[in-house]
Amino acid sequence: MVSLTADMSPLHPDRNLALELVRATEAAAIRAVPFIGRGAKEAADGAAVDAMRAFFTTVNFDGTIVIGEGEKDEAPMLYNGERVGNGRGPQADVAVDPIDGTSLTAAGRNNALSVIAVSDHGTMLDASSVFYMDKLVTGPAGVGVVDIRLPIGENIRRLAKALDKPVDELVVSVLHRPRHERLIEEIREAGAGTRLMSDGDVAGGINAARHNARTDMCVGVGGSPEGIVTACAIKALGGHIQGRLWPRDDDEKQRGIDAGLKLDGFVYEADDLVKGNNTIFVATGVTDGALVAGVRREGGYVYTESVVLRGASGTLRRISSEHLVSKWL
């Protein structure tokens, strides 16, 4: 039996790290506010990157970015391989997305997030050489029940049985892309409903894994970095995630092979994406969404909502903060 005080031990300094990282996602989200709905996604992303990196310098850990803004020659800050933190704490792998949903932010649409995921050093899959991944995410009911290798209709029927609910009450999230036209048809032919996402499949995956969310499954091809980030959150939710890398052409496939990645339909399970359960996922809402509320400004204050998920304790915490506008914008 796990002690009720297990998570209160001083041997768990990562609890403090999780709360420190929230400050970085809050900063990135707040700095993006002037660009929401302004059609300037590069400016929004640039402001968020600057703010997140500045706050990283104050955090007690020695992190290496495994999933960041890109290669160093294209991304001068928060690039893949960059060291972050003040170097005085635990070593860790880091995945960052200062704004997951830059297009959503630029258009003023829902579900844009600022995200950081952290795991023990050497545990996070570096899938950056292959940009896309086919993913299947569910909550705990899907563990040992659904499988990405099965037809979507079969997975829907299996999950409905595990959840003890009619198939026509299941809702499946899918990115609204031409590549998913047939997948969307198959979901509806099976009797389930769809929730089509314009962007932001990190939030889509997490919402599918939460026990009280309005979606039951998230499927389809999205970013492979987002798959790794989502896996860090799924560890805390006890959910199910699988992924298959989806190279766009032969050149990208060869880059993946050269990087040691497994292709040709190989299924990455949760522990292949991120080893172990010592994971941290933090996110602050940029715009409103089902996971968290977006940044809101009223008079002299800015309000933010964040979530913190820790795999070690299986805990999701919500943090609501208010900030003086004079200090930020």
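On a predicted model such as this, the values are computed, not experimentally measured, just so you know. All heavy atoms count here, side chains included; hydrogens, waters and symmetry mates do not.
- The residues Glu169 and Lys165 are annotated as not salt-bridged, no charged nitrogen and carboxylate oxygen being separated by less than 4.0 angstrom.
- Side chains of Asn86 and Asn60: a donor on one and an acceptor on the other come within 3.5 Å.
- The existence of a salt bridge linking Asp93 and Lys275 is excluded, since no basic side-chain nitrogen approaches an acidic carboxylate oxygen closer than 4.0 Å.
- A cation-pi arrangement, defined by a distance under 6.0 Å to the six-membered ring centre and an angle within 45 degrees of its axis, is present between Arg296 and Tyr303.
- For the salt bridge (charged side-chain N to carboxylate O under 4.0 Å, His left out) test with Arg244, the passing option among Asp264, Asp134, Asp272 is Asp134; the others fail.
- Using modelled atom types, one finds a donor on one side chain and an acceptor on the other under 3.5 Å when comparing Thr304 with His323.
- With 3.5 Å as the limit, one finds no donor-acceptor pair spanning the side chains of Thr215 and Arg210.
- A 6.0 Å sphere centred on CZ of Arg83 holds no more than 12 heavy atoms belonging to other residues, nucleotides or ligands.
- Test Lys135, Lys262, Arg149 against Glu269 for salt bridge (charged side-chain N to carboxylate O under 4.0 Å, His left out) and you get one pass: Arg149.
- Inspection of the Ser129 and Glu252 side chains reveals no N or O donor paired with an N or O acceptor under 3.5 Å.
- Side-chain N/O atoms of Thr25 and Ser114 include no donor and acceptor closer than 3.5 Å.
- In the model, Asn110 has no side-chain atom that pairs as donor or acceptor with a side-chain atom of Asp288 under 3.5 Å.
- Within the 4.5 Å cutoff, side-chain heavy atoms of Glu185 are placed close to those of Glu189.
- Here the side chains of Asp97 and Val202 are not in contact, with every heavy-atom distance at 4.5 Å or above.
- Under 3.5 Å, the side chains of Asn16 and Glu20 contain no donor-acceptor pair of N or O atoms.
- Side-chain atoms of Thr279 and Arg310 form no donor-acceptor pair, as typed in the model, at a separation below 3.5 Å.
- Residues Arg214 and Arg195 meet the side-chain proximity criterion, which asks for heavy atoms closer than 4.5 Å.
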